[in-house]
Amino acid sequence: MLTLWGPRGGGRYCDGVSRRSFLRVGGLAMGGLGLPQLLAARGGAATADNHKSVIMIYLTGGLAHQDTVDPKPDAPDGIRGEFKPIATSVPGVFLSETMPRTAAIMDKVAIIRSLVGQIDEHSSFQSMTGFPMVVSQREGKPHFGSVVSKVQGSVNPVTPTFVDLAPVMQHRPYNTPDAGILGQTFKGARMEGDDLALLQPPQGVAPERFAGRRDLLGQFDAFRRSVDGASVDGMDSCYKQAFDVLTSDTLARALDVEREDPRLRARYGMGSPKHLGDGGPMWNDQFLVARRLVEAGARCVTLSYGFWDTHGNNFNHLRNVMPLFDQGVSALVEDLHQRGLDRDCTLIVWGEFGRTPRINKDAGRDHWAPVNSAILAGGGMKVGQVIGSTDKIAANAVSRPIHYRDVLATIYHNLGVDPHAFIRDRADRPISILPPENQPIPELI
């Protein structure tokens with residue numbers, strides 16, 4: 001077994017070895033899962049440049065829909081709020097004045113105002129697995145990115161199929177769900193700390209040394225085959241992929257936004273990695289990184305953004321944070337179009353629920369699960385439209401109620417994955433991806 005050591009630090013075992021500080025590359029590991037085995041398990045599917053992909057921006061805490069995408073100017077005092085509606089680039093469609101840049105590109109986005117089926121639960125599980133946290137944890141429901149990784153495999157040898165840019169957040173249920181019944185092989189690649197360091201070419205290790213190690217590994221495996229007759233058919237390509245990962249700077253380049261035109265980075269609004277409250281950061285650089293990862297071959301990129309749990313001071317908070325949100329989302333949509341990615345890359349922006357029609361005594365809005373909203377773009381979808389509507393106080397869906405799992409069904413459809421296909425868990429049992437009643441949204445496809 002060939003061990004390539006990574007940086008020191010992080011969680012350690014009792015022998016002082018960092019639990020994330022090594023990759024095992026080779027066929028001599030008798031019981032462990034080395035990088036070649038990991039690559040073999042994931043498989044290598046498409047190699048086309050125009051692969052289908054998705055970027056999901058999870059709004060931690062639940063955005064006030066009536067103060068952003070579903071304004072209600074005729075609602076009574078105590079419900080209406082402080083923001084006025086503004087016209088958009090689509091005649092007859094209005095957004096809140098908190099979103100002027102998004103209003104200007106409304107012809108490139110679709111807004112769902114009538115999402116239903118969610119429960120009052122502060123977690124990312126409904127958005128990312130399609131089920132509440134208790135159900136997901138009890139039944140091992142996987143993150144949708146893990147499903148994509150399992151079903152479709154990688155686009156190229158050096159870019160993970162599923163990348164999770166979300167940091168670890170103080171409110172634990174906000175954190176990204178794992179791969180559940182599919183096993184850790186299909187968990188999203190985390191782009192921070194030791195995990196990130198391991199995906200960059202090791203400093204001071206010349207390419208010829210890697211070549212020498214590859215030759216030595218081949219000699220070891222040839223010897224093992226001659227001794228025990230073990231079958232290693234098909235593993236040669238996985239060994240090559242393992243070394244490709246270790247000698248490539250593709251991921252490091254994708255993550256380096258300094259390589260972008262400074263004017264484009266400024267258009268996105270760089271933001272900050274500092275967390276807001278117990279939620280995520282408003283780090284707009286990650287929007288740009290997500291697009292770069294998709295171009296590098298990722299099929300699914302997820303990130304957590306901001307703090308939207310506005311039980312108090314809702315309006316002042318939105319005045320402070322919505323300009324950066326509006327700037328980043330509109331820039332990403334425009335960028336996808338300008339790069340020709342709007343046919344292949346789906347963008348979804350949403351949170352776990354909406355917020356109450358009635359403004360509370362602290363000038364805030366509380367949790368409201370009966371209806372929610374979502375912003376979608378790209379993916380070859382029919383955009384420039386609003387789907388569904390709520391009543392005069394934005395309390396309930398009155399036309400075209402759409403179950404939130406239908407959004408995930410639409411994402412799967414856009415990726416070329418049958419949302420009702422069966423996947424096999426670690427025990428080789430068939431499990432349906434989504435229930436049969438959840439269908440892609442016809443207005444979008």
Report summary line: Here the salt bridge (charged side-chain N to carboxylate O under 4.0 Å, His left out) pairs for residues 336-347, sequence neighbours left out, are K52-D344, E260-R339, E295-R339, D335-R339
Query raised in the report: So which pairs with a foot in residues 104-117 pass side chain to side chain donor-acceptor pair (under 3.5 Å), sequence neighbours left out?
Result: S89-D107
Report summary line: Those residues at least two apart in sequence (or on a different chain) that pass side chain to side chain contact (heavy atoms under 4.5 Å, CB included) with N438 are H403, R405, D406, P435
Report summary line: For residues 122-146, the salt bridge (charged side-chain N to carboxylate O under 4.0 Å, His left out) pairs (sequence neighbours left out) are E139-K141
Query raised in the report: Applying ring pair (Phe, Tyr, Trp, His ring centres under 6.0 Å), which residue pairs with at least one partner in residues 301-336 are found, sequence neighbours left out?
Result: F83-F315, F287-Y305, W308-F325, H311-H367
Query raised in the report: Does the R365 side chain pair with the main chain of T310, one donor and one acceptor, at a distance under 3.5 Å?
Result: no
**Report entry** Pairwise side chain to side chain donor-acceptor pair (under 3.5 Å) hits with a residue in residues 318-328, at least two apart
**Finding:** E82-R319, T102-D326, N316-R319
Query raised in the report: With E121, which residues qualify under side chain to side chain contact (heavy atoms under 4.5 Å, CB included), at least two apart?
Result: I119, S123, F125, Q126, P132, M133
**Report entry** G269 backbone acceptor or donor facing N284 side chain under 3.5 Å
**Finding:** yes
Donor-acceptor contacts, no H, no angles, side chain residues 252-259, under 3.5 Å, sequence neighbours left out:
residue : atom : partner : partner atom : Å
D256    : OD1  : E258    : N            : 3.1
E258    : OE2  : R265    : NH1          : 3.1

Query - Pair D366, T356: side-chain N/O donor-acceptor within cut-off below 3.5 Å - result: no
Query raised in the report: Got a donor-acceptor contact below 3.5 angstrom from the S154 side chain to the T161 backbone?
Result: no
Query raised in the report: Is a side-chain donor or acceptor of S96 paired with a backbone partner of P85 at a separation under 3.5 angstrom?
Result: no
Query raised in the report: Any donor and acceptor pair, going by atom type alone, linking the side chain of T129 with main-chain N or O of S136 inside 3.5 Å?
Result: no
**Report entry** Donor-acceptor contact present, side-chain K187 to main-chain P177, <3.5 Å
**Finding:** no
Query raised in the report: Under the side chain to side chain donor-acceptor pair (under 3.5 Å) rule, what pairs show up with a residue in residues 372-382, not counting sequence neighbours?
Result: Q118-N372
Query raised in the report: So with a 6.0 Å cut-off around CH2 of W283, is the heavy-atom count from everything else above 12?
Result: no
Query raised in the report: Does any pair with a residue in residues 408-427 pass ring pair (Phe, Tyr, Trp, His ring centres under 6.0 Å), and if so which ones, sequence neighbours excluded?
Result: none
Query - With R355 via salt bridge (charged side-chain N to carboxylate O under 4.0 Å, His left out) - residues at least two apart - result: D309
Query raised in the report: Among all residues two or more places apart in sequence or in another chain, which pass the side chain to side chain contact (heavy atoms under 4.5 Å, CB included) test with T68?
Result: L63, T98, M99, M322
**Report entry** Check: H275/Q170 side-chain N/O donor and acceptor closer than 3.5 Å
**Finding:** no
